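Notes to accompany the following structure.
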Amino acid sequence: MALQDYIRDIQDFPKQGVLFKDITPLLADPEASSFCVSELVRLTERQPIDKVVGIESRGFFFATLIAKELNAGFIPIRKAGKLPHTTLKQPYALEYGMDSLEIHEDAIKKGDKVLLHDDVLATGGTAKAACKLIEQLGGEIVQCNFLIELAFLKGAQKLRAYEIRSLLTY
Ligand code: AMP
């Protein structure tokens with residue numbers, strides 16, 4: 001099955017010059033999305049994983065499904081101010097300005113083996129901030145796993161310390 005057929009390119013969204021990879025056609029197709037989950041699970045090569053961490057918001061869709069397949073827990077990393085309990089915060093640079101991500105401070109235990117998942121790896125700033133949060137809690141990042149890698153933005157260079165896997169590369 002050609003997963004790229006279920007990814008829609010949206011020119012100039014959310015702003016001029018960005019080619020947005022829209023995964024909603026993939027999510028809408030039960031056969032394609034279950035194939036996608038099995039392919040993302042295959043990327044992990046069945047390494048032991050305790051927690052699957054998904055990044056808000058599009059990372060949540062497949063991270064929960066991967067977690068179910070791996071019999072692992074699902075942990076959300078969210079934008080600042082969204083998680084209700086005590087959090088750890090990590091600022092990161094956007095193209096213009098800063099933003100920050102948060103995780104519940106009791107979400108990961110020291111020594112937990114963690115799979116990080118997001119839909120798209122672009123410049124890598126988001127995933128790098130997520131990795132820092134996981135490591136501050138003592139989690140061991142087994143792999144950073146993406147549906148799509150925009151290789152021309154060189155995000156993998158920011159994540160050199162980790163094993164990076166993606167299903168589709170543009
Ligand atoms: P970055 O921090 O630059 O690697 O950006 C990654 C985050 O932004 C991910 O959570 C993606 O969902 C989103 N993102 C960045 N670029 C795109 C794109 N071209 N299409 C869809 N999502 C994107």
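Bear in mind that the values here come from a model prediction, so they are computed numbers and not experimental data. In each ligand, atom 1 is the first atom listed, and ligand 1 is the first ligand listed. Position 1 is the first residue of the sequence, and the numbers go up from there.
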Nearest candidate to [atom], where distance is taken over non-hydrogen atoms, out of [options]:
| atom | options | value |
| --- | --- | --- |
| atom 12 (O) of ligand 1 | Val120, Asp119, Ile7 | Asp119 |
| atom 15 (C) of ligand 1 | Ala122, Ala127, Gly59 | Ala122 |
| atom 4 (O) of ligand 1 | Gly155, Ala130, Gly124 | Gly124 |

Show me which atoms of ligand 1 lie under 4.0 Å from any heavy atom of [X].
| X | value |
| --- | --- |
| Thr123 | 1 (P), 2 (O), 3 (O), 4 (O) |
| Thr126 | 1 (P), 2 (O), 5 (O), 6 (C), 7 (C) |
| Leu150 | 19 (N) |
| Lys21 | 18 (C), 20 (N), 21 (C) |

Kindly say whether [Y] contributes a backbone atom to a donor-acceptor pair with the side chain of [X] at under 3.5 angstrom?
| X | Y | value |
| --- | --- | --- |
| His117 | Asn145 | yes |
| Gln47 | Thr44 | yes |
| Asp12 | Gly17 | yes |

Side-chain touch Ser57/Arg78, heavy atoms, less than 4.5 angstrom
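They are not in side-chain contact.
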
So do the side chains of Val114 and Ile75 get within less than 4.5 Å of each other, counting heavy atoms only?
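Val114 does not reach Ile75 side chain to side chain.
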
Under 4.0 Å, heavy atoms only, figure out whether ligand 1 is touched by the backbone of Leu19, its side chain, both or neither.
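Backbone only.
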
Which one holds for Arg58 and ligand 1: side chain close, backbone close, both close, or neither close, with close meaning a heavy atom under 4.0 Å?
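Contact part for Arg58 vs ligand 1: side chain (C-beta onward).
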
Decide whether Tyr162 and Leu137 are clustered together by the hydrophobic rule: side chain heavy atoms of Ile, Leu, Val, Met, Phe, Trp, Tyr closer than 4.5 Å, transitively.
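Yes, one cluster joins them.
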
Just by distance, with hydrogens left out, do Gln90 and Gln136 show a side-chain donor and acceptor under 3.5 Å apart?
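Per modelled atom types, Gln90 and Gln136 side chains form a pair under 3.5 Å.
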
Taking salt bridge (charged side-chain N to carboxylate O under 4.0 Å, His left out) as the definition, give me every residue that meets it alongside Asp22, ordered by chain and number, with sequence neighbours left out.
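Residues passing salt bridge (charged side-chain N to carboxylate O under 4.0 Å, His left out) with Asp22: Arg8.
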
Considering only protein heavy atoms, which is closest to atom 10 (O) of ligand 1, and at what distance to one decimal place?
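Ranked first by proximity to atom 10 (O) of ligand 1 is Asp118 OD2, 2.6 Å.
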
Protein heavy-atom contact under 4.0 Å for atom 8 (O) of ligand 1?
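Protein heavy atom within 4.0 Å of atom 8 (O) of ligand 1: absent.
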
